[in-house]
Novice: 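Would you mind keeping the following structure in view while I ask a few things?
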Amino acid sequence: MALASLSGVITPLFSLVIFTLGHGLLTTLLTLRLSAEHASPTQIGLVSAAYFAGLFFGSFINARIILRVGHIRAYSAYASILASLAVLHGLIVDAHVWIGLRFLGGLATSGLFVVIESWLLVSSTAKTRGQVLAVYMILLYGALAIAQLLLKLIDPMVLAPFAMTAIAASLSVVPLSLTRVSSPQLETTQGLNIFQLVKLTPSGTFGSFTSGMIIGTVYGLLPLFFTESGADISTVANLMAVVIFGGMTLQYPVGKLSDKLDRRIVLLLLCVAITLTSATVIISNGNTAFNLQTILIFLFGGLSFALYPIALSHACDELNPDQVISANQGLMLAYSLGAVIGPLIAPLVMKLLGSQGLFVYFGVTSALLAVYLSYRKRVRAPVPLEEHQNYTPVPPNTTVTAELDPRADVNQFDEPENADDFVHDPVPMEQVTDAMPDEVQAMEEQLAEAQQLQEAETEKAEQTTASTEQFESFREHR
């Protein structure tokens, strides 16, 4: 991307990186600390689910708050709340208290992302929005991966790492607070409820929901799996970074492949690959060499993180351009709902089967989606390849991300890039009449009938006028 295109978005992206370094650190830190405190998988799952529940409900209330107080003030408030919550996690180490703290953290994080993404929206144009979204994705996942590596430098049993998270949240305010830019307008779009989405794009909706069930559980419980498999903190940090790096790396090649195939086939292949990868992890039972384990985790992360953007792209193919924003927002909510439910179900499987039950959950969940996609392929025809919109990876953070999606620009479907390309020499009328004699004759007959009706109406109006004049004349004589 040209430097000029980046100039307006450098500041919010800088704030994003600073915040995400602390945010990514805290997410894994909480699981490791709860594991060290001998919390059950169910308790850890509840803490993770509470965060995504906060994200879910935050999407309904944060826009109104931001519009009322302004973007910079709202961001400062959300960052202050998150900094305070991070310290409270370190001061009060209790799973039940953390459930409430994480719910509040999800609410505030949702608002913070709304500010950043709406800032990117107002600072970009329709032509540069796809590039801005790509940079946003790279920086987001890159910062999340680096944050995992910071775990190698800290002790999860002390207050210091929680303080580091608080510092990151506080420092992220600085770039935005020193920037002068017009306030973005958060427009309310006519949404599609979940039932409408299921009817219009069932594969896209259930694909998004299943993606949330997997990714929400990855963030909350995968560090616990590594810990119970005997990995130390340094190894957990490396493997979590590999998962996220895999998610960032494989989205683009998988997405480009989906441009050339029925996206439901790509989703189906992803689900089968996730199931096979999960089965391989279960069979190996932690006895594989570290290099092989790293490759498996890389593949698992890449395949899992690709589910949501492919499901979203399939939905965009099936919908009208003016429905893309509302559908994008609806699918994000379906993803968030899955991310709440997943961490609640996976611990039950782990309780029955041990730590390996986590990958049993991943394998069964993806296999169920594969079965459903196979059924949908038989009952609905695929979207023709020429009607596919270009694949665009979109992070499921907030509903504002939908407006950053270049596929939401209705004008790109209505206006040619060069109007001269659509200017043609006039076609002689003789060619038209020769090509469509029946249609022309029918039109001439309809025109003749219309003229006759018009003449009859005119004659009737003249008669009415004459009668009126005679009546007035009669009244005057009386």
Novice: Test your reading of the model: is there a side-chain donor-acceptor pair from Gln148 to the backbone of Gly24, 3.5 Å cut-off?
Specialist: yes
Novice: Quick one: side chains of residues 341-351, donor-acceptor pairs under 3.5 Å with protein atoms, not counting sequence neighbours, listed by atom name and distance.
Specialist:
none

Novice: I want to check something: taking the side chain as every heavy atom from C-beta on, are Leu107 and Ile61 in contact at a cut-off of under 4.5 Å?
Specialist: yes
Novice: Roughly how far, to the nearest 0.5 Å, is OG1 of Thr28 from CG of Leu150?
Specialist: 10.5 Å
Novice: Would you say that Ile65 contacts Arg68 through its side chain, given a criterion of any heavy-atom pair below 4.5 Å between the two side chains?
Specialist: yes
Novice: Is the shortest heavy-atom distance from the side chain of Phe113 to the side chain of Thr109 under 4.5 Å?
Specialist: yes
Novice: Do Thr249 and Phe305 have side chains that get closer than 4.5 Å, going by heavy atoms?
Specialist: no
Novice: Going through the checks in order, is the side chain to side chain contact (heavy atoms under 4.5 Å, CB included) test met by His96 and Gln43?
Specialist: CA-CA 8 Å; His96 300 91; Gln43 290 176 316; 3.8 Å; yes
Novice: Is the number of heavy atoms from other residues, nucleotides or ligands within 6.0 Å of CZ (Phe56) greater than 12?
Specialist: yes
Novice: What pair of heavy atoms forms the shortest contact from Ala108 to Ile81, and how long is it?
Specialist: CB-CG2, 4.1 Å
Novice: With rounding to the nearest 0.5 Å, note down the distance linking CG in Leu270 to OG in Ser304.
Specialist: 9.0 Å
Novice: Closest approach of Thr20 and Ala147, non-hydrogen atoms and distance?
Specialist: O-CB, 4.1 Å
Novice: Supply the atom-to-atom distance Ser208 OG to Tyr335 OH, rounded to the nearest 0.5 angstrom.
Specialist: 10.0 Å
Novice: Which heavy atom in Thr31 sits nearest to a heavy atom in Pro223, and how many Å separate them?
Specialist: CG2-CB, 3.9 Å
Novice: Would Met137 and Tyr252 count as a side chain to side chain contact (heavy atoms under 4.5 Å, CB included) if you check the C-alpha gap in whole Å, the side-chain angles of each, and the deciding distance to 0.1 Å?
Specialist: CA-CA 11 Å; Met137 286 278 294; Tyr252 289 94; 4.2 Å; yes
Novice: Before giving the answer on side-chain hydrogen bond (donor to acceptor under 3.5 Å, both in side chains), spell out for Ser172 and Tyr75 the whole-Å C-alpha distance, their side-chain angles and the decisive distance to 0.1 Å.
Specialist: CA-CA 9 Å; Ser172 71; Tyr75 188 95; 2.9 Å; yes
Novice: Using a 3.5 Å distance criterion without hydrogens, assess whether the side chain of Ser211 forms a donor-acceptor pair with backbone atoms of Gly207.
Specialist: no
Novice: Please report the C-alpha distance between Phe225 and Val281 in whole Å, then the side-chain angles of each, then the deciding distance to 0.1 Å, and finally whether the side chain to side chain contact (heavy atoms under 4.5 Å, CB included) criterion is met.
Specialist: CA-CA 11 Å; Phe225 168 81; Val281 173; 3.9 Å; yes
Novice: Taking the side chain as every heavy atom from C-beta outward, state whether Ile154 and Leu151 have any pair of such atoms under 4.5 Å apart.
Specialist: yes
Novice: Passes side-chain hydrogen bond (donor to acceptor under 3.5 Å, both in side chains), Ser366 versus Thr275? Steps please.
Specialist: CA-CA 6 Å; Ser366 56; Thr275 301; 2.8 Å; yes
Novice: Does Ser110 use its side chain to pair, donor to acceptor, with the backbone of Gly106 at less than 3.5 Å?
Specialist: no
Novice: Between Leu222 and Phe359, is any pair of side-chain heavy atoms under 4.5 Å apart?
Specialist: yes
Novice: First locate atom CG of Leu296, then atom OG1 of Thr277, and finally report the distance between them rounded to the nearest 0.5 Å.
Specialist: 6.5 Å
Novice: Is there a side chain to side chain contact (heavy atoms under 4.5 Å, CB included) between Phe52 and Tyr219 once you walk through the steps?
Specialist: CA-CA 11 Å; Phe52 287 103; Tyr219 283 125; 4.1 Å; yes
Novice: Would you give the length of the straight line joining atom CG of Leu353 to atom OH of Tyr361, rounded to the nearest 0.5 angstrom?
Specialist: 14.0 Å
Novice: May I ask you to decide if Ser48's main-chain N or O and Trp98's side chain share a donor-acceptor pair within less than 3.5 Å?
Specialist: no
Novice: So for atom OH, which belongs to Tyr375, do other residues, nucleotides or ligands contribute more than 12 heavy atoms lying within a distance under 6.0 Å?
Specialist: no
Novice: So Ser284 and Gln293, side-chain hydrogen bond (donor to acceptor under 3.5 Å, both in side chains) or not? Walk me through it.
Specialist: CA-CA 9 Å; Ser284 65; Gln293 185 182 29; over 6 Å; no
Novice: Do the two ring centres, one from Phe362 and one from Phe300, sit under 6.0 Å apart?
Specialist: yes
Novice: Is Pro202 close to Arg376 at the side-chain level, that is, under 4.5 Å between some pair of heavy atoms?
Specialist: yes
Novice: Considering all heavy atoms of both residues, which atom of Leu268 and which atom of Leu373 are nearest to each other, and what is their separation?
Specialist: N-CD1, 3.6 Å
Novice: Looking only at heavy atoms, what is the nearest atom pair of Glu228 and Ser355, with distance?
Specialist: OE1-CB, 3.2 Å
Novice: To the nearest 0.5 Å, tell me how far Thr235 OG1 sits from Met240 CE.
Specialist: 13.5 Å
Novice: With side chains defined as the heavy atoms from C-beta onward, is the minimum distance between Tyr141 and Gln251 less than 4.5 Å?
Specialist: yes
Novice: Looking only at heavy atoms, which two atoms of Ala237 and Leu149 are closest? And how far apart?
Specialist: O-CD2, 4.1 Å
